[in-house]
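Here is the structure we will look at, set down as structure tokens.
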2 protein chains.
Amino acid sequence: MRLIVARCEVTYTGRLTAVLPEALRLLMLKSDGSVLVHADTGGYKPQNWMTPPTALEFEGEPLERIVVRKFAGKTEDRLDIRIAEIVSDVTHDMGEAAELEKDGVEKHLQELLAGQPHWCGEGFRLVRREWPTDIGPVDLMCRDEEDGWIAVEIKRVATIDAVEQLTRYLDFIRRDPAMADCTGVLAAQQIKPQARTLAESRGLRCVEVDLMVLRGEREPELTLFV
Amino acid sequence: MRLIVARCEVTYTGRLTAVLPEALRLLMLKSDGSVLVHADTGGYKPQNWMTPPTALEFEGEPLERIVVRKFAGKTEDRLDIRIAEIVSDVTHDMGEAAELEKDGVEKHLQELLAGQPHWCGEGFRLVRREWPTDIGPVDLMCRDEEDGWIAVEIKRVATIDAVEQLTRYLDFIRRDPAMADCTGVLAAQQIKPQARTLAESRGLRCVEVDLMVLRGEREPELTLFV
DNA sequence: ACTTAGATTTCGCCG
DNA sequence: CGGCGAAGTCTAAGT
């Protein structure tokens, strides 16, 4: 990884046009071809960047210009870095960094709900996970106490997109006469109000689930009015 | 900005739990409180990070541990960096970096079309931008020469999602008897063929607009057959 | 190569 | 402060 601290002006042309006026910034050139331009503020995002694969071109001695090119389809993306002054320029061999181990993403929610489908609805039994349809798999397919079919879409945060997704699945599932009365449940850690509005306007049930409760690490909230 | 190249192990707990095994990485500590952990590969994204506002805690001399805390509502987010070996540790005063000037995003398109709604359709007058519905605001609400209502959805690149979005808005708008005959227009710099097909099958008009023409920097194309 | 869906999405705007 | 939608979203997985 090459780290250059320099006073520079950066121009991006591609999907849009963007110009960064001359200022002191960090240029991060990764060994996979990534180029990131970071300011001292601005948080997570680089001010400008190019994702791999890229072709780099260096001009000047000392360095005066870096051109980063990418051939993405018909249009060429280009990052043009004009360097006015170099404050620091170091290269570190960092080798291979181990992968990130994550826990708590949507997949885990699906695993937990598959094992305890009653959190999706009273008396639900799991038929199978990743129930296939012509347009992709539904997260869970369940049956209720009256043997009715229920397709369950699981999200960490459910937005309107999730409602559309579940609606599409149901459209296809119901084409099978045996499942014409299949209903839908949207299960998520958090359901956005507008997603709930849309879901209920389409007759889809909404269930908010708690990861801690699913893991048995917290008691479910008591129902005050029975 | 403080740049530390170090062999370290990083643990994140918050919205999920993630562990990075010990390896050589770049730690970027920005003056706004951002902390980014970058590997030499992996492109654009940091392997781990925390966005401002944060509280940093340093332990050991030489540095052995950095704890980054964030108080986001009810749950505390925490990044725990355990440093095994420091390869480099430098701080640069980068001052204020000028803002990024972007050009060609959807907002500009909406501003320009709001000022010249006739590009969306003959004789259109703007009623308001960001017309509210129960499921979110429509980009433009217009009336035509016969005082008919038209909802306009604006996109940089219109895909099927944009058609679905406009359809949803119309479903809700038309529930008001006074607007039951509201029609829809999809306006975009580029309309994908499948989006156009779906839109027209639903009776929605499609308009491709040219940013240069809207700005008056280019003459509109002549209509060959009048 | 293209499409789809997830993401600790992040970010900005408007209520 | 929360909700919503755009983003040069990025990225990984499936086709």
Side-chain angles (χ1 to χ4, degrees), chain A residues 11-18 34 36-37 42-52 70-79 99-100 102-110 130 132 135-137 139 153-162 164-165 168-169 188-198, chain B residues 10-18 34-37 42-52 68 70 72-73 75 77-79 100 102-110 129-130 132-139 153-157 159-162 165 168-169 192 194:
Chain A
T11 306
Y12 165 77
T13 51
R15 278 170 282 190
L16 56 67
T17 301
S34 318
L36 289 77
V37 180
Y44 170 90
K45 284 184 73 169
Q47 283 189 315
N48 231 325
W49 72 94
M50 191 86 81
T51 51
K70 177 172 201 169
F71 308 99
K74 49 192 81 169
T75 54
E76 185 203 47
D77 277 27
R78 167 200 278 252
L79 203 58
E99 284 284 305
L100 181 65
K102 290 184 191 178
D103 179 29
V105 293
E106 182 187 309
K107 196 174 60 140
H108 299 121
L109 203 56
Q110 189 192 117
E130 304 287 345
I135 52 165
D139 288 328
E153 176 63 33
I154 298 170
K155 285 279 180 284
R156 221 166 54 81
V157 179
T159 62
I160 279 181
D161 285 349
E164 296 288 12
Q165 200 176 344
R168 283 199 301 274
Y169 287 140
Q189 284 184 73
Q190 193 196 337
I191 298 178
K192 297 290 185 184
Q194 296 197 352
R196 186 183 294 275
T197 301
L198 182 64
Chain B
V10 185
T11 306
Y12 166 75
T13 50
R15 278 173 282 189
L16 54 67
T17 302
S34 317
V35 176
L36 289 78
V37 180
Y44 172 90
K45 282 185 73 171
Q47 284 189 313
N48 229 324
W49 71 92
M50 190 90 79
T51 51
V68 188
K70 177 173 201 169
T75 54
D77 277 28
R78 167 199 278 254
L79 202 58
L100 180 66
K102 286 187 190 176
D103 183 24
V105 294
E106 182 187 308
K107 195 177 63 145
H108 298 129
L109 207 54
Q110 191 192 114
R129 285 170 64 181
E130 305 288 344
T133 78
D134 288 349
I135 51 163
V138 176
D139 288 328
E153 176 63 34
I154 299 170
K155 283 279 180 283
R156 214 162 48 82
V157 178
T159 62
I160 281 184
D161 283 351
Q165 197 177 348
R168 280 198 305 273
Y169 288 141
K192 296 286 185 187
Q194 292 186 342

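These numbers were taken from a predicted model, which means no experiment stands behind them. FYI, side chains are in, hydrogens and waters are out, and symmetry mates aren't considered; it's all heavy atoms of this structure. A, B, ... follow the sequence lines: proteins, then strands. Residue 1 opens every chain.
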Between the protein and nucleotides 3-5 of chain C, which nitrogen or oxygen pairs are less than 3.5 angstrom apart?
from  : atom 1 : to     : atom 2 : distance (Å)
C:dA5 : OP2    : A:R168 : NH2    : 3.4

Atom pair distance, as rounded to whole Å: CG in A:D103 and P in C:dG6:
18 Å
Can you give the dot-bracket line for DNA chain D, using ( ) for pairs inside the strand, [ ] for pairs that cross earlier ones, | for pairs with another strand and . for unpaired bases, where Watson-Crick and G-U count if both distances are under 3.5 Å?
|||||||.|||||||
Looking at CD of A:E153 and CG of A:D161, how far apart are the two atoms once the value is rounded to the nearest 0.5 Å?
11.0 Å
Between D:dC10 and C:dG12, how many Å separate the two P atoms, rounded to a whole number?
16 Å
Where A:K102 and A:H108 come nearest, the two heavy atoms and their spacing:
O-CE1, 3.6 Å
To the nearest angstrom, how far is B:D139 atom CG from D:dC4 atom P?
16 Å
Taking only the C1' atom of each, what is the distance from D:dG8 to C:dC14 in whole angstrom?
24 Å
Once you round it to whole Å, what is the distance between P of D:dG3 and CG of A:D161?
17 Å
Which heavy-atom pair separates B:K70 from B:T51 by the least distance, and what is that distance?
NZ-OG1, 2.7 Å
A side-chain contact here means heavy atoms from C-beta on lying under 4.5 Å apart; do B:Y44 and A:P46 qualify?
yes
A:I191 atom CD1 is separated from D:dC4 atom C1', nearest whole Å, by 16 Å
Distance check needed: C:dT8 P versus A:Q190 CD, whole Å only.
15 Å
How many whole angstroms separate atom CD of B:E130 from atom P of D:dG3?
19 Å
Just one of B:V68, B:V35, B:V10, B:L36 clears the side-chain contact (heavy atoms from CB on, under 4.5 Å) bar with B:N48, so which one?
B:V10
Taking for B:K107 and for A:A195 the nucleotide of DNA chain D with the nearest heavy atom, the one nearer the 5' end belongs to A:A195
Min side-chain heavy-atom separation A:Y12-A:D77 under 4.5 Å
yes
At what distance, to the nearest 0.5 angstrom, does OG1 of A:T159 lie from CD of A:Q190?
10.5 Å
Does A:V157 form a side chain to side chain contact (heavy atoms under 4.5 Å, CB included) with A:K192? I'd like the steps, not just the answer.
CA-CA 7 Å; A:V157 179; A:K192 297 290 185 184; 3.8 Å; yes
Give me, pair by pair, the N or O atoms of the protein and of nucleotides 8-11 of chain D that are less than 3.5 Å apart, along with how far apart they are.
from   : atom 1 : to     : atom 2 : distance (Å)
D:dG8  : OP1    : B:K102 : NZ     : 2.7
D:dG8  : OP2    : B:K102 : NZ     : 3.2
D:dG8  : O3'    : A:R15  : NE     : 3.4
D:dG8  : O3'    : A:R15  : NH1    : 3.3
D:dG8  : O6     : A:N48  : OD1    : 2.1
D:dG8  : O6     : A:W49  : N      : 2.8
D:dG8  : O6     : A:W49  : O      : 3.1
D:dG8  : N1     : A:W49  : O      : 2.3
D:dG8  : N2     : A:W49  : O      : 3.4
D:dG8  : N3     : A:Y12  : OH     : 3.4
D:dT9  : OP1    : A:R15  : NH1    : 3.1
D:dT9  : OP2    : B:R156 : NH2    : 2.3
D:dC10 : OP1    : A:W49  : NE1    : 3.2
D:dT11 : OP1    : B:G42  : O      : 3.3
D:dT11 : OP1    : B:Y44  : N      : 3.0

What's the separation between atom CD1 in A:I160 and atom CZ in B:R168, rounded to the nearest 0.5 Å?
5.0 Å
Can a donor-acceptor pair be found, under 3.5 Å and without considering hydrogens, that links the side chain of A:T197 to the backbone of A:P193?
yes
Kindly indicate whether the side chain of B:D139, heavy atoms from C-beta on, has any atom under 4.5 Å from the side chain of B:E106.
yes
